[in-house]
Amino acid sequence: MNGRIVAVFGNMVIAETSGRVVQNSVGYCCRSDGARLLSEVIRVRGRLADLQVFEETRGLKFGDVVEFREEMLSVTLGPGLLGQVYDGLQNPLYRLAEQEGFFLKPGVYISALPVEKTWTFTPKVQAGATVGAADTLGTVPEGIFEHQVMAPFNAEGDLKVARIADPGDYSIEEEIAVLTDEAGSRHPVTMTQTWPVKRALNVSRRRLMPTEPLVTQVRIIDSMFPVVRGGTYCIPGPFGAGKTVLQQITSRYAEVDIVIVAACGERAGEVVETIREFPKLQDPRTGRLLMERTIIVCNTSAMPVAAREASVYTAVTLAEYYRQMALNVLLLADSTSRWAQALREVSGRLEEIPGEEAFPAYLESRIAGFYERAGAVELADGRIGSVTIGGTISPAGGNFDEPVTQGTLKVVGAFHGLSQARADARRYPAIDPLDSWSKYTGIIEAEKAARVSRLLRRGNDVKQMMAVVGEEGTSIEDFLVMLKAEFFDNTYLQQNAFDPVDASTSAERQRFVFDKILEFLDLDFEFDDKAAARRSLVRGQDLYRNWNYAAMDSDEFKKIEGQIDEFIAANAAND
Amino acid sequence: MRKYYDQITRISGNVVTVTATGIGYDELAIVTGTSGTSLASVIRMEGDQVSLQVFAGTQGVSTGDRVRFLGRPMQVPFSDDLLGRIFDGAGRPRDGRPDLEAERVDIGGPPVNPTKRRRPDRMIRTGIPMIDIFNSLVESQKLPIFSVPGEPYNELLARVGLQTNADVIILGGMGLRHDDYLRFRRTFEEGGAGGRTILFIHTAADPVVECLLVPDLCLAVAESFALQGKRVLALLTDMTAFADALKEIAITMEQIPSNRGYPGDLYTQLARRYEKAVDLDGAGSVTLLACTTMPGDDVTHPVPDNTGYITEGQFYLRSGWIEPFGSLSRLKQQVNGDTRDDHRSIMDACIQLYALCRESREKRDMGFEMSAWDAKLLKYGDLFETHIMDLAVNIPLEEALDRCWDILARCFDPAETGIRRTIIESHWPKQPTAA
Ligand SMILES: Nc1ncnc2c1ncn2[C@@H]1O[C@H](COP(=O)(O)OP(=O)(O)O)[C@@H](O)[C@H]1O
Ligand SMILES: [Mg+2]
């Protein structure tokens, strides 16, 4: 079914057509030089269909043909996704570079999965068996995982396995099973399926309450503002506060099976770091390369805006796919504000009535719908899988009182707010310990964490008071509270992302060090004056800080632990 | 033979609308009338109504003018003959020399495939400690100087520009004052770089739309040189003038503004330019330094705000020096691990202590008693400002690091610096030198 272009404005095209047009279906704008530009129908008015074009519209003309399709924007799911670097429309960027060179030429699309490659298939069902949607038909090894080849996700009712392939090597295009439905129709099955990105993929028995801590190995997160598998969290912060670095270290050290990095509308250079590093870095948990558990979906800021909007959906659909294999997947989206801005650009071109800061009125429901795709689920066979979503937010002017931050805070389970002041003072990660919150339970007993929260709050109160009355007007008790809060901040909350040891702290170590710090802070210090108090705490701080740089099983670690114990004993003897 | 269209149906702001068919989006056109000729480009098509932004502005354009479409987007000549030349914002020579007969390249071309980018890893030494130690500059970085009128940002831009030893330097001036333009020329000539510079200059007196083209012209040329393996430095000043030109067009086109009159796609528009900074795998590089003046010295103003989210850091130039807070090079960690083993420790410690010094100064200014610790911090802050922060300081990185150690040793006990023990042991000066 074809239409003709009657208007072009930015990345929006209006086409006139007399046929049937499906909202959110795919269209191709055919440029006169033969290039076909992928687009999506985003509004239909009478005979006019408005499309957002996922490419630059340069060169499109009045009267150019638009081919309308029935299907919606979809991704291909199957073995070989892991380790890939995709653009927002699932174009594999490495193979695109081999074919096209340096630049991303509009209108070039190649298949998401390599078609030549063969996979060693092991059937898991026999002919005659009954299966339902998403049930495992067989497996192929993909890296360290048994990649499951599943019955179509959109199948309804029971299906009979009419044929199943013998064990052996097959490409993704070869038929590996035939299923018949209740009406008797035959459905050939290959190792791949497609799924529309804007529809949640979840074939499970039920959704679970997410409770299992997701250890990121970032101390302030795991101990104070934890995240759980299947949960959601957001990281708002002004530019330069450390959102991306935080996500980069999380993508490395988080204890999950698979990480999907959605680089959405920000710097290409940041993706390049991951692309160049991960194929060389070992995952300490599995001994394999980090890239083997990672998929990168990147639609960086210079890439077309509409595809940026699609990219977060592409990423979350890939995450949901691996959740169907009972894996724990972490999706990191940087930055959701760019996605929201893409919505805003389109909404502006559609001349919709703008809401706050010109964002469309449906912004909040879109944000909610996106985070709603996270979750822990119990699959039909009782196994559990999860998708956790962590999104950064880039609020205009660093002011959290803006639509994207506020819309996100309503729906997420944890809030890691980054503070400019902490970043300026190089107190990284710059998560503000007073503002941030989490509704989840982490690896530290709630009572202990709450005690530290109180200390930090009181320390801050004293600091503010001191700004008014001066050090001389502050009692030594209050002064000590302030010093202790600083102590905890300096030795525990701050963590050097660029130190090989300090960059990641295991749950075990976090519990151990946390207790050791409390042991120190709980001492009944008696100081003659404030200078003596500062000296003593600075000395302790120095010990604990150096401890952070020593690997947990090293002699250095033992040695400093001994010194800390002596220090504690000496201060306890002061009583 | 291309057709002329003479049905101009609307003239508004810098935009004219003409009745025409068969026109491509973003196509270039020539508007000819009694008051002269100007290039223009297609920014909207609705049925047979084609809107064009007219580079020279619409003053004097009449409904009797004629429009001829060129069947291609805006292009810029590209060859080695560009070196040493000066052009205006429409790509015409402004050095009195003839037009260039050369191959032409499209401006605003497609982005680089991220997998064809290298990880930047070559440090650019500037001799300015506030940059070299605290926020190292890296080849292919995109980085603006945030400043306010009156600060020497163009001087700093030119000074850093000359230090980079780039094969080609391309300066894009937007809304540039004429004397600034002359000063840039002189600096480059005196620095011996005249023969490898190309200038695209839009001055405050030139038409607004031409200002919009300057970054694209510069970056298309830069990219072409980089593809030939050259290491190119692009300098763009002032990007706020560019953003204001965008705003003007958006308002004419009745786009819904998102923030203080700026269009909702300001971020995207800026990013598409800044992202041209690149280290190409198997070819050259483009480093992009810019100036962004902050209206009202307000960094939350949409232009610096959006810029900060795009660029790989920023240098705040205020009161004649590079502010240690807020200034940031996001690429510094790519290079500062391989300089000297104490580089990172000094970088962190000196700034943390300087932050504490500022707190002590505040307390002092409010009339509070200064503790012994405050006194140390105050002393440190003064030394740090005169011997490190001052822009007149021009010393190699290693000397600057030594100088920092010296200042620390004159003010603090080792443990007070928060620097880890192993580094202290190998670098703490045995005998601090006298002031
Ligand atoms: N955890 C950290 N440890 C050390 N430096 C950091 C850390 N987080 C951020 N930084 C510094 O701040 C810079 C900006 O961080 P980034 O994550 O890119 O900010 P954002 O994404 O919020 O704009 C980094 O390039 C780095 O120099
Ligand atoms: Mg970032």
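Sequence lines set the chain letters: A, B, ... in the order given, protein chains first and strands last, and positions in each chain run from 1. The model shown is predicted, which means the values in this text are computed figures rather than measured ones.
- Counting heavy-atom pairs closer than 4.5 Å to chain A, the top residue among B:Pro110, B:Pro120, B:Pro73, B:Gly308 is B:Gly308.
- Heavy-atom distances place both the backbone and the side chain of A:Leu93 under 4.5 Å from chain B.
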Derivation of the side chain to side chain contact (heavy atoms under 4.5 Å, CB included) call for A:Thr57 and B:Asp26: CA-CA 8 Å; A:Thr57 48; B:Asp26 212 13; over 6 Å; no
A:Glu277/B:Arg119 under salt bridge (charged side-chain N to carboxylate O under 4.0 Å, His left out): CA gap, chis, key distance, verdict: CA-CA 9 Å; A:Glu277 288 263 288; B:Arg119 257 191 98 170; 2.6 Å; yes
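- Chosen from A:Ala467, A:Ala342, A:Ala531, A:Ser337, the residue pairing most often with chain B at heavy-atom distances under 4.5 Å is A:Ala467.
- B:Glu369 places no side-chain N or O within 3.5 Å of a backbone atom of A:Glu472 that could act as its donor or acceptor partner.
- Heavy-atom distances place the side chain of A:Tyr549, and not its backbone, under 4.5 Å from chain B.
- At a 4.5 Å heavy-atom cutoff, A:Glu402 makes no contact with chain B through either its backbone or its side chain.
- When the candidates A:Pro238, A:Ser301, A:Ala423 are compared by the number of heavy-atom contacts under 4.5 Å with chain B, A:Ser301 comes out ahead.
- Under a 3.5 Å cut-off, the side chain of A:Glu357 and the backbone N or O of B:Asn259 do not form any donor-acceptor pair.
- Because its NZ or CZ atom is not both nearer than 6.0 Å to the ring centre of B:Tyr25 and within 45° of the ring axis, A:Arg58 does not count as a cation-pi partner of that residue.
- Counting heavy-atom pairs under 4.5 Å between each of A:Asp424, A:Asn496, A:Val8, A:Ile296 and chain B puts A:Val8 at the top.
- Both the backbone and the side chain of A:Arg267 come within less than 4.5 Å of a heavy atom of chain B.
- Interatomic distance, A:Leu60 CG to B:Met45 CE, rounded to the nearest 0.5 Å: 7.0 Å.
- Side-chain atoms of A:Arg344 and B:Ser258, non-hydrogen and from C-beta on, do get closer than 4.5 Å to each other.
- The shortest distance between side-chain heavy atoms of A:Glu270 and B:Arg330 falls below 4.5 Å.
- Only the backbone of A:Val468 comes within less than 4.5 Å of a heavy atom in chain B; its side chain stays farther off.
- Chain A forms the most heavy-atom pairs under 4.5 Å with one residue out of B:Met347, B:Gln314, B:His301, B:Met370, and that residue is B:Gln314.
- Side-chain contact check for A:Leu96 versus B:Lys116: every heavy-atom pair is 4.5 Å or farther apart.
- Side-chain contact between A:Glu471 and B:Trp373 is absent, with no heavy atoms from C-beta onward closer than 4.5 Å.
- Shown here is A:Arg539, whose CZ atom has no more than 12 heavy atoms of other residues, nucleotides or ligands within 6.0 Å.
- For the set B:Pro302, B:Ala277, B:Gly264, the entry with the most heavy-atom pairs within less than 4.5 Å of chain A is B:Gly264.
- Most heavy-atom pairs under 4.5 Å with chain A, from the set B:Leu331, B:Leu356, B:Asp305: that is B:Asp305.
- Put simply, OG on B:Ser51 and CZ on A:Phe9 are 9.0 Å apart, with the number rounded to the nearest 0.5 Å.
- Counting only heavy atoms from C-beta outward, the side chains of B:Val112 and A:Phe103 approach each other to under 4.5 Å.
- Among A:Arg338, A:Glu266, A:Arg308, the residue making the largest number of heavy-atom pairs under 4.5 Å with chain B is A:Arg338.
- Options A:Gly101, A:Gly63, A:Pro304 differ in how many heavy-atom pairs under 4.5 Å they form with chain B, and the most are formed by A:Gly101.
- Of the two parts of A:Arg426, the backbone and the side chain both hold a non-hydrogen atom closer than 4.5 Å to a non-hydrogen atom of chain B.
- For A:Glu100, no part sits under 4.5 Å from any heavy atom of chain B, backbone or side chain.
- Side-chain contact between B:Leu280 and A:Phe102 is present, with heavy atoms from C-beta onward closer than 4.5 Å.
- A distance of 7.5 Å separates CG in A:Asn546 from CZ in B:Arg420, rounded to the nearest 0.5 Å.
- Residue A:Arg535: no heavy atom, backbone or side chain, is found under 4.5 Å from chain B.
- Using a 4.0 Å cut-off between charged nitrogen and carboxylate oxygen, A:Arg349 and B:Asp265 count as a salt-bridge pair.
- Only the side chain of A:Asp499 comes within contact range of chain B, judged by heavy atoms closer than 4.5 Å.
- A:Glu273 pairs in a side-chain hydrogen bond (donor to acceptor under 3.5 Å, both in side chains) with only one of the listed residues (B:Gln333, B:Arg117, B:Gln334), which is B:Gln334.
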side-chain hydrogen bond (donor to acceptor under 3.5 Å, both in side chains) between B:Thr268 and A:Glu345, worked out: CA-CA 10 Å; B:Thr268 305; A:Glu345 283 187 34; 2.7 Å; yes
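- The choice from A:Gly473, A:Ser347, A:Pro395 that makes the most heavy-atom pairs within less than 4.5 Å of chain B is A:Pro395.
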Side chain to side chain contact (heavy atoms under 4.5 Å, CB included) assessment of A:Arg534 paired with B:Ser371: CA-CA 11 Å; A:Arg534 172 171 279 128; B:Ser371 66; 4.1 Å; yes
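- We find the CE-CG distance between A:Met303 and B:Asn113 to be 7.5 Å, quoted to the nearest 0.5 Å.
- With rounding to the nearest 0.5 angstrom, the CG atom of A:Asn399 is 8.5 Å from the OG1 atom of B:Thr300.
- Separation of atoms CZ (A:Phe239) and OG1 (B:Thr311) is listed at 7.0 Å; rounding is to 0.5 Å.
- Chain A forms more heavy-atom pairs under 4.5 Å with one residue of B:Gln49, B:Met253, B:Glu223 than with any other, namely B:Glu223.
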